[in-house]
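To keep things clear, I will list the structure first and then write my remarks on it.
From a predicted model like this one, the values you see are computed outputs, not experimental measurements.
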Amino acid sequence: MSEAHAPGARGPEGTIPLAVPNIGELERRYVTEAVESGFVSSVGPFVSEFERRFAERVGSKHAIACATGTAAIHVGLLLLGVERDDDVVCSDFTFVGSVNPIAYCGARPVLVDSETTTWNLDPALLAAELDRRAVAGEAQPKVVEIVHVLGQPADMEPLMDACDRHGIPVLEDAAESLGATWSTGRYAGRHTGTVGRIGCFSFNGNKIATTGGGGMVVTDDDDLAARARHLTTQAKVPDVGYLHDEVGYNYRLTNLAAGLGLAQLERLDEFVAAKHRVAARYDAAFADLPLVLPPRVDGLDATYWLYSVLVPEGDGRGRDDFLAHLQARGVGARALWRPLHAQPPFLGAPVLGGAVGEGLFGRGLSLPCATELTDADQDRVIEAVRSFFT
């Protein structure tokens, strides 16, 4: 996902940016150390340490650093055996980086609408489609890709039940949900990205933790982890000279980026606490307004990566009016994503439902919520939002 503004920069005329990275002295020290070590590309001590510490943090046995979150998803699909003409289920309401890797594999995305409670993939729609295919004797999807959008964990128990019933592996796109967990139910204490066979994360510049650009594959499967390392390093095998036993990819993270990522990981608790603080202030400030606030679901502990709201229906003014109002007051808000079934490359993809995602797009926008957002700047955002309704 693209950054809203240049890192650390204000928008035009002092606009409060949507989300920018929080870079401090620890990050500068680690990156400088990486530069001075001479290990600046995809080999170096920060890469292995970042992987080790990341796996430890999310509770996964293995973590393999990649150049981008999109690359992580691509590798994850390959690890799960996705090939040309396979069907892969994907959330319809998500950033396009979730679905593009399906196309890279030559596979066909099957897009499933969101449910209104979490804004994530609808378990009832998924279960009905998998059961229908079973009864009809049709091939099941090769993989189900579940996205935890905007830092909100999906309702994984019914989703996993449906997939397990039909023997379909799950890939979690946790690009936006670093730090998010479940605190009740079957997955209590688990981090997003660690329930399916593969989990994928992003460290783009506007994520809670950044490497400038980067991603991570996590898994508890030793064989899948070994293959992920192989594929992301051009499928090179030990030999005199260069020998590559299959088509591989130049997908490894650099040591410089890993130095930045390690510092960010050490500050993750600080960043998540800041996101919660920002979200709580917005919730209190907007409680009396006719806005739909972000999901708050008991046991699904979101990070509120991008604090997003829905404008009311039927008052004659829509999301674009709201955006224009905010931008005129120096607030760098941004519309939510257009559903994938409405994106030109995927107009022909099968889609189950679609109305919920269309509503989220048509009514939704994200408000400034950087981890360094000051109370004074947040007060400006709050005043601008409230003035739209008064």
Determine, for [X] against [Y], whether the closest basic-nitrogen to carboxylate-oxygen distance falls under 4.0 angstrom.
X: Arg133; Y: Asp87; result: yes
X: Asp269; Y: Arg57; result: yes
X: Arg197; Y: Asp221; result: yes
X: Arg386; Y: Asp379; result: no
X: Glu49; Y: Arg53; result: yes
X: Arg267; Y: Glu372; result: no
X: Asp222; Y: Lys61; result: yes
X: Arg281; Y: Asp375; result: yes
X: Glu358; Y: Arg363; result: no
X: Glu176; Y: Lys207; result: no

Looking at NE2 of His191 and OG of Ser177, how far apart are the two atoms once the value is rounded to the nearest 0.5 Å?
6.5 Å

Step by step, work out the ring pair (Phe, Tyr, Trp, His ring centres under 6.0 Å) result for His341 and Phe346.
CA-CA 6 Å; His341 75 259; Phe346 304 106; over 10 Å; no

Leu340 with Leu126, same ILVMFWY side-chain cluster at under 4.5 Å:
no

Is it true that Leu77 and Leu159 fall in one hydrophobic cluster, defined by side-chain heavy atoms closer than 4.5 Å?
no

Over all heavy atoms of both residues, which pair between Pro17 and Pro368 is shortest? Give the atoms and the distance, please.
O-CB, 3.3 Å

Specify the closest pair of heavy atoms between Tyr242 and Lys236, including all atoms of both residues, with the distance to one decimal.
CD2-CE, 3.5 Å

Please examine the side chains of Asp220 and Ser60, heavy atoms only from C-beta on, and report whether any two atoms are closer than 4.5 Å.
yes

Just wondering, do Cys90 and Val110 contact through their side chains at under 4.5 Å, heavy atoms?
no

Ring-plane angle category for Phe286 and Tyr307, please: parallel below 30°, perpendicular beyond 60°, tilted otherwise.
tilted

